Amino acid sequence: MLALVIITGLLAFASSKPCDTEGSNSELLLTLNRNLVHSLESPEGLPNPSVHLGLRLSHHHNQAKETDHLNKLKNELHDDIQTSLSNSQAVTGIMALYSLALKSSCYDLNTISFTADDKSETLLTHLKRQMEQEKEHIGFSHRPLTNYYQYSLGVLALCVSGIRVSNHVSHKLIKAADNEHFKHGETESIDTYAMAGMALQCVKNSGSYSHNAEELNLTLNKIKQKLLASRRSDGHIGNEFSTGLAVQALLAMGSEVGDCSASMEAMRTAARSNTYHNPMAISQTLPALQRKTYLSVKTLDCLNEDDTLVLEPVDPAVVLPSETKVNVMMEVVTASGAAAAYSVDVPKGSSLLEALELLERKNVGFTFQKESSLWGPFLSAVNGEQARQSDRRYWHLSSDGTALTEGVGDFKINATQKITIKNTSY
């Protein structure tokens, strides 16, 4: 995510394109909206609170589908969070998203509770406790229990729900932004800067940060400049999949039209080329394209809402394997630095996950395990070696030396290439 200089011509282009969604963009927005609703029909995984947020922040609604999804969140996702709490696992990010999703449907958060240590308390009480644990972990290890993205989500969810965020909790986030601790490996995390920007803007708007107002303003400006400096020549901020949150943050922080218009157009162009086929990507991009942000949840009243989003029946797509085969070299680099190389021929257009499955079936010593996430499956173990979040490690994926911006289920292999899977710390 290199900071690129925006040429004068692009700035002129930006200033001539307003941050609106009128005219020819209306049908594009409806298509994204329908695709997001259709994603609710997938039987895979838990209901996604980010998808619910994206639907609730949209101009058009299918109330029956949204209500059904809300009920699934309150049952299936709630039970999963409860299980994690019972096992003493950190749940800051998913609990924060859950509360934002409920809030976006104007649901009374005081009626939602979890049990820990034989004591039942409300969702927001548990979230406040999670944030205290995160803050304390920063105090003795200089990093959160989870990561600063989840930490920011927690601050945002509490603030949007009208809960006063502790000055100490906010101050830890301010200092992390000032010291540029928002990284994933060696790369700056634009997603984290964006989420921190929205969280701290909410804190500023609430007037609850009494520690040092000028310090908060300086940090917000630094985050804003960091996002703008990370904008590529094509308008995307960071990459195609971080632009939605980045634009949300810029809008939340009161950016002028010229600050976001090039990025708006970049998202529209990407959407027309079906770059945003992952529901998680759509859920973060659609609000930005409609000039909505996660801060907008605070003022939703759920009254007199549209209910005109009609879905056409969709026939299951039948994709026949390509007869053209491409070769993929797979290199696995362990935490110790030891490397192993493999080769596999896959049908052109296969996902990386399908390529890994084909390679494993060759019985050449390659094995892998995957886990689910809101973005889809991710690698948790390769050749018996795990990369755990609790150990601050993950499997970094790259193609011909370029880091992948999509997960194993979304990245398509259309040409001969070398995929490197490296156990990396962050």
Side-chain angles (χ1 to χ4, degrees), residues 20-21 26 29-41 46-78 81 93-114 122-128 153-165 195 198-199 201-203 205-206 244-245 247-249 251-252 279-280 282-311 374:
D20 61 25
T21 56
S26 298
L29 294 174
L30 281 172
T31 297
L32 288 173
N33 208 332
R34 292 190 186 103
N35 289 345
L36 199 55
V37 175
H38 275 303
S39 76
L40 303 180
E41 300 166 358
L46 291 166
N48 189 329
S50 182
V51 167
H52 195 78
L53 262 177
L55 292 172
R56 295 297 305 145
L57 288 172
S58 183
H59 298 316
H60 301 286
H61 300 276
N62 184 309
Q63 297 290 350
K65 291 285 188 182
E66 290 178 12
T67 299
D68 182 59
H69 192 245
L70 176 64
N71 290 329
K72 288 181 178 179
L73 288 169
K74 291 189 295 178
N75 291 288
E76 297 172 33
L77 183 62
H78 186 282
I81 295 174
I94 192 65
M95 184 176 279
L97 272 176
Y98 180 40
S99 66
L100 285 169
L102 294 174
K103 175 71 173 172
S104 71
S105 285
C106 300
Y107 200 83
D108 185 358
L109 299 184
N110 291 319
T111 65
I112 302 293
S113 61
F114 290 98
T122 66
L123 163 61
L124 293 176
T125 298
H126 276 284
L127 183 55
K128 285 182 69 175
L153 256 177
V155 171
L156 178 63
L158 288 173
C159 180
V160 164
S161 300
I163 302 298
R164 184 184 182 280
V165 180
M195 194 60 71
M198 284 190 278
Q201 185 65 48
C202 184
V203 169
N205 294 349
S206 72
L245 283 182
V247 169
Q248 283 196 50
L251 291 171
M280 192 68 180
I282 300 174
S283 74
Q284 295 179 347
T285 303
L286 185 58
L289 286 173
Q290 297 178 98
R291 299 192 69 183
K292 296 287 187 70
T293 81
Y294 288 166
L295 268 68
S296 305
V297 172
K298 191 177 181 73
T299 56
L300 289 177
D301 59 15
C302 306
L303 299 175
N304 303 315
E305 290 187 323
D306 169 89
D307 191 19
T308 62
L309 192 64
V310 178
L311 299 184
L374 297 182

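No experiment lies behind these values; they were computed from the predicted model shown. The figures here come from the full heavy-atom set of this structure, side chains too, leaving out hydrogens, waters and symmetry mates.
- Contact detail for Pro49 and Ala101: the closest heavy-atom pair is O-CB, 3.7 Å.
- Between Asn62 and Val310 there is no side-chain heavy-atom pair separated by less than 4.5 Å.
- Taking 4.5 Å as the limit, every side-chain heavy atom of Val247 sits out of range of all side-chain heavy atoms of Thr285.
- In this structure, a donor-acceptor pair under 3.5 Å is present between the side chains of Gln201 and Asn205.
- Annotation: side chain of Leu245 is in contact with side chain of Met198 (closest heavy-atom distance under 4.5 Å).
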Is there a side-chain contact (heavy atoms from CB on, under 4.5 Å) between Leu251 and Leu295 once you walk through the steps? CA-CA 10 Å; Leu251 291 171; Leu295 268 68; over 6 Å; no
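- Using a 4.5 Å heavy-atom cutoff, the side chains of Cys302 and Tyr107 are not in contact.
- Here the NZ atom belonging to Lys128 is positioned 9.0 Å from the CZ atom belonging to Arg164, to the nearest 0.5 angstrom.
- Ile81 is listed as a side-chain neighbour of Leu77, based on a closest heavy-atom distance under 4.5 Å.
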I'd like to know whether Ile282 forms a side-chain contact (heavy atoms from CB on, under 4.5 Å) with Ser39, so could you lay out the CA-CA distance, the side-chain angles of the two residues, the decisive distance to 0.1 Å, and finally the verdict. CA-CA 10 Å; Ile282 300 174; Ser39 76; over 6 Å; no
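- At distances below 3.5 Å, not a single donor-acceptor pair connects side-chain atoms of Lys298 with backbone N or O atoms of Lys103.
- Here the CG atom belonging to Leu156 is positioned 9.0 Å from the CG atom belonging to Leu97, to the nearest 0.5 angstrom.
- With sequence neighbours excluded, no residue forms a salt bridge (Lys or Arg N to Asp or Glu O under 4.0 Å) with Lys292.
- How far CG of Leu289 is from CG of Asn33: 11.5 Å, rounded to the nearest 0.5 Å.
- Remark: the Gln63 side chain and the Glu305 side chain contain an N/O donor-acceptor pair separated by less than 3.5 Å.
- Contact check for Gln290 versus Leu57: no side-chain heavy atoms found under the 4.5 Å cut-off.
- When atom types are taken as modelled, the side chain of Ser58 and the backbone of Leu55 share no donor-acceptor pair closer than 3.5 angstrom.
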Full working for side-chain contact (heavy atoms from CB on, under 4.5 Å) between Asn48 and Leu40: CA-CA 9 Å; Asn48 189 329; Leu40 303 180; over 6 Å; no
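- Of all heavy-atom pairs spanning Ser99 and Leu123, the tightest one is CB-CD2, 3.6 Å.
- Smallest separation of non-hydrogen atoms from Glu66 and His61: OE2-ND1, 2.8 Å.
- Lys65 NZ: 12 or fewer foreign heavy atoms inside a 6.0 Å radius.
- For the residue pair Ser161 and Leu109, the shortest heavy atom distance occurs at OG-CD1, 3.4 Å.
- Without hydrogens or angle criteria, Thr67 side chain to Ala64 main chain gives no donor-acceptor distance under 3.5 Å.
- Using a distance-only test at 3.5 Å, with no hydrogens or angles considered, a donor-acceptor pair links the side chain of Gln248 to the main chain of Gln284.
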Go through it in stages, so that I can follow the logic: the residues are Leu311 and His38, the test is side-chain contact (heavy atoms from CB on, under 4.5 Å), and I'd like the CA-CA distance, side-chain angles, deciding distance and then a yes or no. CA-CA 8 Å; Leu311 299 184; His38 275 303; 4.0 Å; yes
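- Interatomic distance, CG of Leu70 versus NE2 of His52, reported as 4.5 Å (0.5 Å rounding).
- Scanning all heavy atoms of the two residues, the minimum distance from Leu100 to Val297 falls at O-CG1, 3.9 Å.
- Scanning all heavy atoms of the two residues, the minimum distance from Pro287 to Gly54 falls at CG-CA, 4.1 Å.
- Under the side-chain contact (heavy atoms from CB on, under 4.5 Å) criterion, His78 pairs with Tyr98, Ile112, Phe114, not counting sequence neighbours.
- Taking the side chain as every heavy atom from C-beta outward, Arg56 and Ser105 approach each other to under 4.5 Å.
- Taken to the nearest 0.5 Å, the CG atom of Leu127 stands 9.0 Å off from the CD1 atom of Ile163.
- Looking at Ser283 and Leu53, their side chains never come closer than 4.5 Å, going by heavy atoms from C-beta outward.
- Rounding to the nearest 0.5 Å gives a distance of 8.5 Å between NE2 of His59 and CG of Leu286.
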